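The structure presented is a predicted model; accordingly, all values stated were derived computationally and were not measured. Quick note: numbers below take in every heavy atom, side chains included, and nothing from hydrogens, waters or symmetry partners.
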2 protein chains.
Amino acid sequence: MRGRPVLYNDKHLIEKAQEIFWKKGYTATSLGDLLKVTGAGSGSFYNTFKGGKKEVFRKSILQRREAFNQFKKELRESESPLDLIKDFFRSIAQADKETHLKGCIIANSVVEMAHVDNDLELEAVNILKEVEQMFSDAIRKAQELQKINNHTDPQILGRYLITFWCGLNTLRRMYPDRETLLHQIEMQLAVIS
Amino acid sequence: MRGRPVLYNDKHLIEKAQEIFWKKGYTATSLGDLLKVTGAGSGSFYNTFKGGKKEVFRKSILQRREAFNQFKKELRESESPLDLIKDFFRSIAQADKETHLKGCIIANSVVEMAHVDNDLELEAVNILKEVEQMFSDAIRKAQELQKINNHTDPQILGRYLITFWCGLNTLRRMYPDRETLLHQIEMQLAVIS
DNA sequence: TTTATTTTGTATTAATCATTCCATAAATAG
DNA sequence: CTATTTATGGAATGATTAATACAAAATAAA
């Protein structure tokens with residue numbers, strides 16, 4: 001194939017873009033921010049992303065979706081997926097303050113996009129619904145194997161967990177503190193046991 | 001007092017500003033938006049708010065805090081404040097789609113402000129902590145009066161409710177639907193009974 | 001009625017925004 | 001070596017941003 005070789009492949013650009021979008025959100029991140037953090041000039045940037053800022057953001061959250069799919073794969077190979085999920089919630093308490101302040105880029109996007117961009121809002125909502133489905137499946141399995149005593153409809157409990165996830169996204173900013181968070185996480189997980 | 005009479009008092013400006021901030025958030029709301037929606041020119045605007053956009057936003061969420069204080073006053077005069085709080089949660093399910101998409105301006109602000117404006121972040125976090133305190137107080141009272149069976153530390157349960165509030169702020173955007181929300185709300189409230 | 005004081009509306013500024021354009025660089029095919 | 005193709009960096013564009021400057025308007029005090 002002819003032509004000058006690509007210096008900034010889209011994967012690298014998306015990774016760097018994701019970092020800054022995660023911190024500042026969609027609107028507050030300028031194209032200048034994106035160029036600075038990726039090291040690319042606007043020429044290269046628009047060469048790889050004809051859709052501009054919006055396209056990169058969409059691909060940023062889709063990349064996060066991939067990370068989530070990886071976790072889902074681990075769950076499928078696990079004996080007790082619900083325990084993995086619970087440990088994941090517990091691990092949140094161990095994060096550092098900077099990470100707490102960033103929160104979850106998907107949950108953040110649902111809040112930001114409502115009256116900013118409808119397509120991106122829907123994209124983020126759908127990812128959260130996939131996570132919810134993963135929660136429900138794990139709970140159903142645990143119920144079938146008699147591993148938990150709570151026999152509430154797994155759909156309700158899955159929604160309980162996704163609600164908790166989104167609530168935790170704010171709680172950790174209020175109390176970016178290991179002790180406090182771990183207490184609350186254990187309390188909420190105890191409902192599903 | 002001498003001088004041309006004020007045409008746009010600050011209370012009116014804040015009210016109108018709050019509406020648009022609530023919808024679009026801080027960053028996505030331009031000064032042009034604010035001028036259009038208030039009807040004021042930039043002269044009047046900066047005459048009443050030397051601090052510009054940031055000052056109006058701060059006063060917008062402080063005004064929301066006042067509305068919350070009003071509710072707190074009702075609670076103090078009530079026999080069973082926890083029941084009032086529960087009914088308040090239930091009433092969320094009855095809102096229309098537009099209202100669901102707006103969500104809670106304070107919870108929204110905590111998410112948006114983390115890496116945008118530290119002062120405003122703290123302001124919003126403090127308001128949420130006040131709400132949490134109100135939850136805890138109501139729960140303590142209900143426990144003392146033997147009105148509920150759950151005897152978990154009221155602080156933990158207060159944090160459970162504020163976490164739920166923030167989670168609901170996203171869940172209602174995922175499912176802006178009366179049935180779904182009411183189901184989830186009842187399930188979560190059942191924990192405190 | 002004149003003077004002092006304050007608000008208002010608009011024009012202006014200066015900065016930043018997202019995007020496009022284009023000459024140049026760097027590769028391959030012929 | 002030459003022609004062709006593609007990517008790059010940065011200048012240029014035009015829109016939008018937040019904020020200021022200032023003359024005109026509207027009032028009250030003197």
Side-chain angles (χ1 to χ4, degrees), chain A residues 1-61 109 112-113 115-120, chain B residues 1-61 109 112-113 115-120:
Chain A
M1 223 256 287
R2 272 201 266 215
R4 184 173 175 170
V6 286
L7 194 50
Y8 305 98
N9 62 33
D10 53 343
K11 193 172 175 186
H12 169 256
L13 287 184
I14 292 171
E15 250 166 38
K16 288 297 179 182
Q18 197 198 52
E19 285 178 30
I20 184 96
F21 275 136
W22 202 334
K23 270 194 201 165
K24 313 219 302 182
Y26 179 72
T27 317
T29 299
S30 74
L31 214 84
D33 289 332
L34 257 18
L35 298 182
K36 198 170 69 184
V37 89
T38 56
S42 50
S44 311
F45 186 87
Y46 280 95
N47 188 45
T48 34
F49 303 110
K50 319 288 180 197
K53 190 179 167 183
K54 180 169 170 176
E55 183 186 342
V56 201
F57 187 83
R58 214 176 67 86
K59 292 190 169 161
S60 287
I61 61 174
S109 299
E112 176 177 4
M113 292 304 167
H115 289 87
V116 171
D117 188 301
N118 230 280
D119 302 334
L120 295 175
Chain B
M1 225 259 284
R2 270 198 269 214
R4 184 170 175 170
V6 287
L7 194 50
Y8 304 98
N9 62 34
D10 52 343
K11 193 173 172 185
H12 168 257
L13 288 184
I14 293 170
E15 251 167 39
K16 288 297 180 182
Q18 197 198 52
E19 285 178 30
I20 183 97
F21 276 135
W22 202 333
K23 269 194 202 167
K24 312 218 300 181
Y26 180 71
T27 317
T29 300
S30 74
L31 212 82
D33 288 333
L34 291 172
L35 298 182
K36 198 169 72 183
V37 88
T38 56
S42 53
S44 312
F45 186 86
Y46 280 95
N47 188 47
T48 34
F49 303 110
K50 319 288 181 192
K53 189 180 167 182
K54 182 170 169 176
E55 183 185 342
V56 201
F57 187 83
R58 214 177 67 86
K59 292 190 169 163
S60 287
I61 61 175
S109 299
E112 176 178 4
M113 292 304 166
H115 289 87
V116 171
D117 189 300
N118 229 281
D119 304 334
L120 295 175

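Heavy-atom neighbours of Lys23(B) NZ from other residues, nucleotides or ligands within 6.0 Å: at or below the threshold of 12. Atom NZ of Lys53(B) sits in a crowded spot, with more than 12 heavy atoms from other residues, nucleotides or ligands closer than 6.0 Å.
When each of Pro5(B) and Asp33(B) is assigned the nucleotide of DNA chain D with its nearest heavy atom, Asp33(B) is the one assigned upstream, toward the 5' end.
What separates OH of Tyr8(A) from C1' of dA26(C) is a distance of 14 Å, to the nearest Å. Computed from coordinates, the Lys50(A) NZ to dA18(C) C1' distance equals 16 Å when rounded to whole Å. Atom-to-atom, CG of Asp10(B) to C1' of dT6(C) comes out at 15 Å; the value is rounded to the nearest Å. The nearest whole Å value for the distance from the CZ atom in Arg4(A) to the P atom in dA23(C) is 16 Å. The distance from atom CG of Leu34(B) to atom P of dT17(D) is 11 Å, rounded to the nearest whole Å. Atom-to-atom, OH of Tyr26(A) to C1' of dC17(C) comes out at 12 Å; the value is rounded to the nearest Å. Atom P of nucleotide dT8(D) and atom CZ of Phe49(A) are separated by 11 Å, given to the nearest angstrom. Atom CG of Leu13(A) is separated from atom C1' of dA7(D) by 12 Å (rounded to the nearest Å).
Annotation: the span from Tyr26(B) atom OH to Lys54(B) atom NZ amounts to 6.5 Å, rounded to 0.5 Å. A distance of 11.5 Å separates OG in Ser44(B) from CG in Asn9(B), rounded to the nearest 0.5 Å. Here CZ of Phe45(B) is found 5.0 Å from CG of Leu31(B). Values are rounded to the nearest 0.5 Å.
Interface residues of residues 35-47 of chain A facing DNA chain C, ordered by number: Ser42(A), Tyr46(A); criterion, heavy-atom separation under 4.0 Å.
Which of dA18(C), dA7(D), dA26(C) sits closest to the side chain of Lys53(A) comes down to dA18(C). For Arg2(A), whose side chain is taken as the heavy atoms from C-beta onward, the closest listed nucleotide among dA29(C), dT27(D), dT19(C) is dA29(C).
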**Message:** Does Phe21(A) form a side chain to side chain contact (heavy atoms under 4.5 Å, CB included) with Ile61(A)? I'd like the steps, not just the answer.
**Reply:** CA-CA 9 Å; Phe21(A) 275 136; Ile61(A) 61 174; over 6 Å; no
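The shortest distance between the side-chain N/O atoms of Ser30(A) and the OP1/OP2 oxygens of dC17(C) is below 4.0 Å.
Across all strands shown, Thr29(B) has heavy atoms under 4.0 Å from sugar-phosphate atoms exclusively, and none from any base. Nucleic acid contact for Leu7(B): sugar-phosphate only, since backbone atoms but no base atoms lie under 4.0 Å from a heavy atom of the residue.
Salt bridge status for Lys59(B) with Asp10(B): absent, with no side-chain N to carboxylate O gap under 4.0 Å.
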